[in-house]
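This report refers to the structure that appears directly beneath it.
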Amino acid sequence: MTTSFPETKTGLRFGLAAALVLALITGSPARADDKVLAKVNGVEIKESDVALAEEELAPSLQQMDPASRKDNVLGFLIDLQIVAKAAEDKKIENTDDFKKRLAFTRKRLMMDSLLAAEGKAATTEEAMKKVYEDAAKQITGEVEVRARHILVETEDEAKAVAEELKKGADFAELAKKKSKDPGASDGGDLGFFTKEQMVPEFSTVAFALEPGKISDPVKSQFGWHVIKVEEKRNRTAPPIDQVKGQIETYVTRKAQADYVAKLREAAKVERTDKPAEPAAKPDAAKDAPKPSDSKMAPPAKK
């Protein structure tokens with residue numbers, strides 16, 4: 001049987017593939033309901049092994065249906081056991097290169113486990129609620145505009161569009177025909193956005209227009225725009241449940257970054273490859289999620 005080896009995730013889980021080899025050689029922790037799915041030369045491969053491998057190989061398995069995914073992963077683990085045993089027979093583990101890689105992998109797994117625990121401990125309902133409330137205060141009351149635009153290449157094209165609109169042409173229909181923006185199929189509708197989400201040239205005009213009004217041609221780095229403002233409103237924070245996933249990720253990562261920074265401060269680090277530099281503390285606050293719809297500025301689609 002030949003099974004392609006899926007790519008593994010990078011980052012903190014980098015060393016998990018090696019852990020799979022170790023688990024298959026030495027055996028996984030016993031579990032009462034851990035069904036044996038296959039045996040390779042007497043070595044059992046269990047459901048827990050497949051679950052661990054699925055987590056590690058997730059990026060390569062996204063397009064597979066659940067049944068195919070499980071079968072593919074089991075095939076991978078069978079091949080992994082066979083090749084690992086062959087490597088064991090050749091005493092690969094006694095080589096210096098293997099020992100270095102194994103030591104590195106062990107440290108990566110230990111780091112992964114510890115940071116996961118720190119992140120989990122910090123991600124409390126109280127912590128997430130505070131992040132939400134702080135972010136909500138920053139955005140509540142901020143003005144948002146909902147607008148449409150027609151984007152063309154030249155000033156002459158923009159002037160021609162403006163003339164058609166003055167003669168009563170429907171803005172949305174004209175956007176579908178004339179605009180080169182990806183949102184043209186929606187009649188040029190950009191939805192609601194804040195001032196800083198747009199390039200300055202676009203924002204200045206859009207926020208100066210009253211609802212229902214159409215601008216003269218406006219030049220930006222993306223071309224020429226004709227803008228129609230549909231509505232203005234004061235921005236409000238969405239319900240916390242709508243952004244809970246983003247907040248949880250932020251709280252977890254901030255706790256992990258703070259923990260690493262604390263350990264680094266207490267450690268004696270000597271860089272011999274270049275002059276010592278003060279360790280920069282992670283500025284997690286600047287990456288704090290705002291409870292918004294995170295809409296990108298329309299010109300940035302280009």
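By convention here, the first residue in the shown sequence is residue 1. What you see is a predicted model; the values in this text were computed from it and never measured.
The environment of Asn234 atom CG is dense: over 12 non-hydrogen atoms of other residues, nucleotides or ligands sit within 6.0 angstrom. Heavy atoms from other residues, nucleotides or ligands lying under 6.0 Å from CG of Asp96 number 12 at most. Within 6.0 Å of CE on Met64 lie more than 12 heavy atoms contributed by other residues, nucleotides or ligands. The 12-atom threshold is not exceeded at NZ of Lys159, counting heavy atoms of other residues, nucleotides or ligands nearer than 6.0 Å.
Rounded to the nearest 0.5 angstrom, Lys46 NZ and Asp33 CG are separated by 10.5 Å. Note that CZ of Phe171 is 8.0 Å distant from NE2 of His149, once rounded to the nearest 0.5 Å. Rounded to the nearest 0.5 angstrom, Tyr259 OH and Lys262 NZ are separated by 8.0 Å. Taken from CD1 in Ile240 to CD1 in Ile247, the straight-line distance is 4.5 Å, to the nearest 0.5 Å. In this structure, CD on Gln256 lies 9.5 Å from CG on Leu114, to the nearest 0.5 angstrom. Atom-to-atom distance recorded for Asp49:CG and Phe76:CZ is 11.5 Å, nearest 0.5 angstrom.
You'll find the side chain of Val143 reaches within 4.5 Å of the side chain of Phe207, heavy atoms only. The shortest side-chain heavy-atom distance between Phe202 and His225 falls under the 4.5 Å cut-off. Between Glu144 and Lys232 there is no side-chain heavy-atom pair separated by less than 4.5 Å. Annotation: side chain of Val226 is in contact with side chain of Leu165 (closest heavy-atom distance under 4.5 Å). At a threshold of 4.5 Å between non-hydrogen side-chain atoms, the residues Val199 and Phe222 count as touching. Using a 4.5 Å heavy-atom cutoff, the side chains of Ile150 and Leu174 are in contact. Ser179 places none of its side-chain heavy atoms less than 4.5 Å from the side chain of Val152. Residues Lys39 and Val36 are in side-chain contact: their nearest non-hydrogen atoms beyond the backbone lie under 4.5 Å apart.
Listed here is the closest heavy atom pair of Val229 and Glu210: CB-O, 3.9 Å. When all heavy atoms are compared, the tightest approach of Ile78 to Ala38 is CD1-CB, 4.2 Å. Closest approach of Val73 and Ala53 over heavy atoms only: CG1-CB, 3.5 Å. When all heavy atoms of Glu93 and Ala87 are compared, the pair lying nearest together is OE1-O, 4.0 Å. The minimum heavy-atom distance between Lys228 and Gly212, with the atom names listed, is CE-O, 4.2 Å. Ser203 and Lys195 make their closest contact through OG-O, 2.6 Å (heavy atoms, listed as atom of the first residue, atom of the second, distance).
Thr204 contributes no side-chain N or O that, together with a main-chain N or O of Glu201, makes up a donor-acceptor pair within less than 3.5 Å. Within the 3.5 Å criterion, the main-chain N or O of Gly183 finds a donor-acceptor partner in the side chain of Asp181.
The cluster map of Ile, Leu, Val, Met, Phe, Trp and Tyr, joined by side-chain heavy atoms under 4.5 Å apart, puts Ile227 and Phe193 in the same cluster. Hydrophobic clustering (ILVMFWY, side-chain heavy atoms < 4.5 Å, transitive): Val161 and Val218 are in distinct clusters. Leu77 and Val40 fall within the same hydrophobic cluster, where Ile, Leu, Val, Met, Phe, Trp and Tyr residues are linked whenever their side-chain heavy atoms come under 4.5 Å apart, directly or through other members.
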Worksheet item: Could you go step by step and tell me if Tyr250 and Tyr132 meet the side-chain contact (heavy atoms from CB on, under 4.5 Å) rule?
Response: CA-CA 11 Å; Tyr250 167 72; Tyr132 172 79; over 6 Å; no

Worksheet item: Going through the distances and angles, do Ile45 and Leu74 end up as a side-chain contact (heavy atoms from CB on, under 4.5 Å)?
Response: CA-CA 8 Å; Ile45 299 176; Leu74 181 56; 3.8 Å; yes

Item to complete: Tell me, with the steps shown, if Glu54 and Val50 meet side-chain contact (heavy atoms from CB on, under 4.5 Å).
Response: CA-CA 6 Å; Glu54 281 187 306; Val50 172; 4.1 Å; yes

Discussion item. Applying side-chain contact (heavy atoms from CB on, under 4.5 Å) to Arg148 and Glu230, what does each step give before you reach the verdict?
Written reply: CA-CA 7 Å; Arg148 297 178 185 272; Glu230 298 282 7; 2.7 Å; yes

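Donor-acceptor pairing under 3.5 Å is recorded for the side chains of Thr154 and Glu157. A donor-acceptor pair shorter than 3.5 Å cannot be found between the side chains of Asp71 and Ser68.
Phe192 does not carry Arg235 over the face of its six-membered ring by the limits of under 6.0 Å from the centre and within 45° of the normal.
The residues Arg101 and Asp97 are annotated as salt-bridged, a charged nitrogen and a carboxylate oxygen being separated by less than 4.0 angstrom. In this structure, Glu173 pairs ionically with Lys176, as a charged nitrogen and a carboxylate oxygen lie closer than 4.0 Å. Arg69 has no carboxylate O lying under 4.0 Å from a charged side-chain N of Asp65, or vice versa, which leaves the two without a salt bridge. Ionic pairing of Glu153 and Lys180 is present here: one or more N-O contacts between side-chain nitrogen and carboxylate oxygen are shorter than 4.0 angstrom. Under 4.0 Å is where a charged nitrogen must lie from a carboxylate oxygen, and between Lys254 and Asp258 at least one such pair does.
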Scan the side chains in residues 119-131 for donor-acceptor partners under 3.5 Å anywhere in the protein, sequence neighbours excluded, and list what turns up.
from	atom 1	to	atom 2	distance (Å)
Thr123	OG1	Gly119	O	2.6
Thr123	OG1	Thr252	OG1	2.8
Thr124	OG1	Ala127	N	3.1
Glu125	OE2	Lys244	NZ	3.3
Lys130	NZ	Asp134	OD2	3.0

